[in-house]
Number of protein chains: 2
Amino acid sequence: MPGTPEEREESLDVIQRELTAFARRARAAAARLHPELPLVSYTLLAHIEDQHGCRATDLAAHYMLDKSTVSRQIGTLEKLGLVERHPDPDDHRIQVLHPTAAGTQALASTQASRRMAYQERLADWTEEDLARFAEYLLRYNSAGDTATATPQPPKA
Amino acid sequence: MPGTPEEREESLDVIQRELTAFARRARAAAARLHPELPLVSYTLLAHIEDQHGCRATDLAAHYMLDKSTVSRQIGTLEKLGLVERHPDPDDHRIQVLHPTAAGTQALASTQASRRMAYQERLADWTEEDLARFAEYLLRYNSAGDTATATPQPPKA
DNA sequence: TTAACTCGTTGTACTATACAACTGAAAATC
DNA sequence: GATTTTCAGTTGTATAGTACAACGAGTTAA
């Protein structure tokens, strides 16, 4: 059904506008959802777990952050007892990061409350729509990886 | 095809993860896209134009920001000569905000570069997928409006 | 005419961030 | 094998963005 260039433009504008609006609200929403765990740290911690351990540099690349930023975030997480650093025996420059037990647990509980919020918000979506939306987001984000950021091994 | 609760869960998790990843990258991406216009200010300016003038309070509600934050952002925009404040004749508490000519122009040029970036990024999507993605985002965001933020007249 | 509320500003503090300069370790080059 | 280059991470410094609290001025309700 769709096909004219105008419709394409229109869709692009909507996508741009809505993604921006989402991004702008995300911080506040996240702060409400889990005030206990510093927002950014949470994200990094999640990625560390997702990867079953990774380096600070990987985090920086994945989230387009400066290494100094990551360094400080990791420092915070460590102070909170949520991550551990294990020096790589083969390369002493590298610190392999892992969630501690407390980190894993904090993540789980946060994840649970997030999941609930999303469930509620998307309650009246059909499975088909959810699946498609998820697929679109994956596609959108992975396009960004190759286009703008440091090349990155496909996320798992 | 989809239908099991497990698939639904899975989709929700993907949506959650990918939206979060997007939000975390958005700042950096926006900074690259238009370093000249302070990121947040840009967003507010865009909303002001979209609404054909609005109050600071409206902006705060729409983006879930504190009024002090908005106040300072508007101050910045004013210093840059991109917005004007017109006191409402009927209610002296209210300042109606409008983009200046320079503001409109800055917005247009920024919008153009953003549109280009999106075009490139989504170049290989079909019109149909774009339309559906746009629709999903709209639906997702509008759900958020009613669920989490101050009630808000449907955005235009 | 007070009291309560609304819109916006200012003081203060904190988080997240970048950039640049640096340290220590590994790899590459000679 | 010594020197240079590159890589991983930290620390100093500066800045944006944000919230919360206290306030000022205007409006509405008692």
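Protein chains get the first letters and strands the later ones, always in sequence-line order, with residue 1 at the start of each. Note that the structure is a prediction, hence the values are computed from the model and not measured.
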Practice item. For B:T100 and B:G81, indicate whether the former's side chain and the latter's backbone hold a donor-acceptor pair under 3.5 Å. Key: yes

Check your understanding: Looking only at side-chain N and O atoms, does B:T57 come under 4.0 Å of OP1 or OP2 in C:dT6?
Key -> no

Point to revise | Contact nearer the 5' end of DNA chain C, comparing A:T76 with A:R93 | key: A:T76

Check your understanding: Nearest to the side chain of A:K67, which nucleotide is it out of D:dA21, C:dA25, D:dT10?
Key -> D:dT10

Exercise for review: Would you confirm whether B:S11, through its side chain, and A:A134, through its main-chain N or O, come within 3.5 Å as a donor-acceptor pair?
Suggested key: no

Point to revise | Among C:dT17, D:dA19, C:dC7, the one nearest B:R72 by side-chain distance | key: D:dA19

Revision key, fill the gap. Which of D:dG26, D:dG9, C:dG8 is nearest the side chain of A:R85? It is D:dG9

Review point. Got a sec, which residues hit side-chain contact (heavy atoms from CB on, under 4.5 Å) with B:I94, two or more places apart in sequence or on another chain?
Key: B:R55, B:D88, B:D91, B:V96

Practice item. Please assess A:Y63 against A:T69 for the test side chain to side chain contact (heavy atoms under 4.5 Å, CB included), listing each intermediate value before the final yes or no. Key: CA-CA 11 Å; A:Y63 290 109; A:T69 301; over 6 Å; no

Revision key, fill the gap. Between B:R27 and A:V70, whichever has its closest DNA chain D nucleotide further toward 5' is A:V70

Practice item. Using only side-chain N and O atoms of A:Q73, determine if any of them is under 4.0 Å from OP1 or OP2 of C:dA16. Key: yes

Check your understanding: Between A:S71 and D:dT10, is there a side-chain N or O to OP1/OP2 distance below 4.0 Å?
Key -> yes

Exercise for review: Give A:L65 one of three labels, base, sugar-phosphate or nothing, depending on what nucleic acid heavy atoms sit under 4.0 Å from its own.
Suggested key: sugar-phosphate

Review point. Of all the choices, D:dG26, C:dA16, D:dG17, which nucleotide is nearest to the side chain of B:V40 once you look at every atom?
Key: D:dG17

Point to revise | Between D:dT18 (C1') and B:L44 (CG): distance, integer Å | key: 12 Å

Exercise for review: Grab the CZ-P distance between A:R24 and C:dA16 for me, whole Å please.
Suggested key: 16 Å

Exercise for review: Using a cut-off of strictly less than 4.0 Å, decide whether B:R55 has a side-chain nitrogen or oxygen near OP1 or OP2 of C:dC7.
Suggested key: yes

Exercise for review: In whole angstrom, give the distance that lies between atom NE2 of A:H92 and atom P of D:dG9.
Suggested key: 14 Å

Review point. Which of these nucleotides, C:dC7, C:dT17, D:dG12, is closest to any side-chain atom of A:S68?
Key: D:dG12

Point to revise | Nucleotide nearest B:I94 when distance is taken to its side chain, options D:dG9, D:dA8, C:dC7 | key: C:dC7

Review point. When the distance from CG of B:L80 to P of D:dA16 is rounded to whole Å, what number comes out?
Key: 11 Å

**Study point:** Shortest side-chain distance from A:D91, nucleotide among C:dA26, D:dT27, C:dA18
**Key:** C:dA26

Practice item. Assign the ring pair B:W125 / A:Y136 to parallel, tilted or perpendicular, where the plane angle (0 to 90°) is split at 30° and 60°. Key: tilted

